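Each remark here refers to the structure printed beneath this line.
Everything numeric in this text was worked out from a predicted model, so none of it was measured. Positions are given from 1 along the sequence.
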Amino acid sequence: MPVITFANTKGGAGKTTAALILASELAARGNRVTILDADPRGWISRWHALGSANGLLSVAQVTEETIEAATLRAKKRGGYILIDLPSSQDALLAKAVGLADHVLIPVQGCAMDAQGGAEVLELLKALSDTCEVRIPHSVVLTRVNAAVTTRALGAAKEFLGRRGIPTLSTALAERAAYRDIFDKGGLLHTLDSREVSNLHKAIENAVSLTDEVLAQLPQRSVRTVSRKAPVLKAA
Ligand SMILES: Nc1ncnc2c1ncn2[C@@H]1O[C@H](COP(=O)(O)OP(=O)(O)OP(=O)(O)O)[C@@H](O)[C@H]1O
Ligand SMILES: [Mg+2]
């Protein structure tokens, strides 16, 4: 029952998108997934209300007051728990980080964008230094333009690496599918490849990201479900 918290105090860093993409892939693999939607704007809840996500995936809206009880309930249900935070730096962030087995910090492809991520990293360091609570965490680069990835991405990873910041080697590319899923509802696999450009690439990217995130989690908490080949609606 691992808890993965998506945190970055910078708005628009890609938290909600990364959370939904990971949730979609985990549910497509047959895992139970609960998304705790801590953003009052409720993007994930609105996506869920569109229906057609599979029955393994549930969403609950939470606040600073309810997040701990909701996490306990989700743990009883089993499976993966993903927490989507708003961009504020407050007690909700501290609680959601404290509940996490892993904190994922989405940062937009350019390392200069990392300010909000740095605030989360400072919070994690403060927890470690003052409370001896060490929460595993990693940066995931997001919205990376597929056309210019290698050099720019390499530079961003090097920038973070030099500062000792763990960074996933899989970045989330800028893909239409990652926007369209919010309008159309359902999982990435249930989008129609005739309507969504490069859907197969978006799914491949989600598969790699999920594999790498699962590898970061405490192995006792990871339920291994073999990856089935995605079935697209059109070739
Ligand atoms: N990988 C991606 N491909 C395409 N669009 C993306 C991607 N990641 C994010 N976006 C778009 O960028 C915008 C911001 O992304 P998102 O809402 O995920 O960020 P956020 O960190 O959750 O923002 P907030 O702090 O406001 O909650 C959205 O319009 C989203 O559709
Ligand atoms: Mg968001």
Side-chain angles (χ1 to χ4, degrees), residues 1-6 14-37 43-45 47-60 70-71 73-84 99-106 136-138 140-142 144 168-173 175-182 184-193 195-196 198-235:
M1 298 154 287
V3 179
I4 305 167
T5 293
F6 293 77
K15 299 178 285 293
T16 304
T17 304
L20 184 54
I21 297 316
L22 183 65
S24 167
E25 176 58 23
L26 285 170
R29 293 183 188 194
N31 298 288
R32 273 187 198 285
V33 183
T34 304
I35 309 179
L36 299 181
D37 182 2
W43 295 117
I44 298 254
S45 304
W47 161 82
H48 196 237
L50 294 171
S52 62
N54 74 20
L56 290 168
L57 204 154
S58 57
V59 175
T71 303
R73 275 198 302 277
K75 282 191 171 186
K76 284 190 187 135
R77 192 170 169 258
Y80 294 87
I81 301 157
L82 311 187
I83 303 179
D84 181 36
L99 287 164
D101 292 291
H102 198 93
V103 177
L104 267 185
I105 307 164
H137 55 276
S138 33
V140 56
L141 297 172
T142 60
V144 172
L168 297 187
S169 62
T170 308
L172 211 50
R175 292 277 173 215
Y178 300 155
R179 286 189 293 273
D180 291 352
I181 190 172
F182 282 92
K184 296 179 191 292
L187 304 182
L188 273 181
H189 299 75
T190 60
L191 293 176
D192 188 335
S193 62
E195 292 174 4
V196 181
N198 285 318
L199 178 58
H200 64 290
K201 290 199 173 153
I203 292 175
E204 271 173 27
N205 196 177
V207 168
S208 308
L209 178 74
T210 305
D211 286 343
E212 203 178 348
V213 170
L214 292 183
Q216 308 295 314
L217 298 174
Q219 286 311 300
R220 62 179 163 71
S221 65
V222 176
R223 179 181 156 229
T224 312
V225 177
S226 61
R227 171 84 191 122
K228 292 195 195 99
V231 181
L232 301 181
K233 280 193 183 161

Residues two or more places apart in sequence or in another chain: which of them pass side chain to side chain contact (heavy atoms under 4.5 Å, CB included) with Thr16? Trp43, Ile44, Asp84, Phe182
Salt bridge (Lys or Arg N to Asp or Glu O under 4.0 Å) involving Arg179 - partner list, sequence neighbours excluded: Glu174
Within the distance-only criterion (no hydrogens, no angle test), does the side chain of Thr210 pair as donor or acceptor with the backbone N or O of Ala206 below 3.5 angstrom? yes
Measuring from atom CD1 of Ile83 to atom OG1 of Thr5, what distance do you get when rounded to the nearest 0.5 angstrom? 3.5 Å
Carefully, step by step, assess Thr142 and Thr17 under the rule side-chain contact (heavy atoms from CB on, under 4.5 Å). CA-CA 9 Å; Thr142 60; Thr17 304; over 6 Å; no
Pro106 and Ala18: which non-hydrogen atoms are nearest, and at how many Å? CG-CB, 4.4 Å
Going from CG on Leu104 to NZ on Lys15, what distance comes out if it is rounded to the nearest 0.5 angstrom? 12.5 Å
Should Leu217 and Tyr80 be marked as a side-chain contact (heavy atoms from CB on, under 4.5 Å) after you check the CA-CA gap, both sets of side-chain angles, and the distance that decides it? CA-CA 11 Å; Leu217 298 174; Tyr80 294 87; 3.9 Å; yes
Under the side chain to side chain contact (heavy atoms under 4.5 Å, CB included) test, residues paired with Ser169 that sit two or more places apart: Lys157, Glu212
Of all residues at least two apart in sequence or in a different chain, which pass the side chain to side chain contact (heavy atoms under 4.5 Å, CB included) check with Ala60? Leu36
Less than 4.5 Å apart, side chain to side chain, heavy atoms only: is that true for Ile4 and Val213? yes
Would you check, one step at a time, whether the test side-chain contact (heavy atoms from CB on, under 4.5 Å) holds for Arg175 with Leu188? CA-CA 11 Å; Arg175 292 277 173 215; Leu188 273 181; over 6 Å; no
Listed partners of Asp37 passing side-chain hydrogen bond (donor to acceptor under 3.5 Å, both in side chains), at least two apart: Ser45
Does some side-chain heavy atom of Asn198 sit less than 4.5 Å from a side-chain heavy atom of His200? yes
Any chance you could measure His137, atom NE2, to Gln216, atom CD, to the nearest 0.5 Å? 10.5 Å
With Lys75, the side chain to side chain contact (heavy atoms under 4.5 Å, CB included) member among Thr34, Leu99, Ile81: Ile81
Within a strict 4.5 Å, meaning less than it, do heavy atoms of the Ile35 and His48 side chains meet? no
Test side chain to side chain contact (heavy atoms under 4.5 Å, CB included) applied to Ala27 - qualifying residues, sequence neighbours left out: Val33, Asn54, Leu57, Leu187
Side-chain heavy atoms of Arg29 within contact of Val207, under 4.5 Å: yes
Does Lys184 have any salt bridge (Lys or Arg N to Asp or Glu O under 4.0 Å) partners at least two apart in sequence or in another chain, and if so, which? Glu195
Which atoms form the tightest heavy-atom contact between Leu209 and Thr170, and what is the distance? N-CG2, 3.6 Å
Minimal non-hydrogen separation, Ala177 against Leu191, with atom names: O-CD1, 3.9 Å
Could you tell me whether a side-chain N or O of Tyr178 sits under 3.5 Å from a main-chain N or O of Ile21, the two making a donor and an acceptor? no
For His102, side-chain hydrogen bond (donor to acceptor under 3.5 Å, both in side chains) partners two or more places apart: Ser138
Mind checking side-chain hydrogen bond (donor to acceptor under 3.5 Å, both in side chains) for Ser58 and listing every partner two or more places apart, or none if nothing turns up? Arg77
Where Ala171 and Val144 come nearest, the two heavy atoms and their spacing: CB-CG2, 3.8 Å
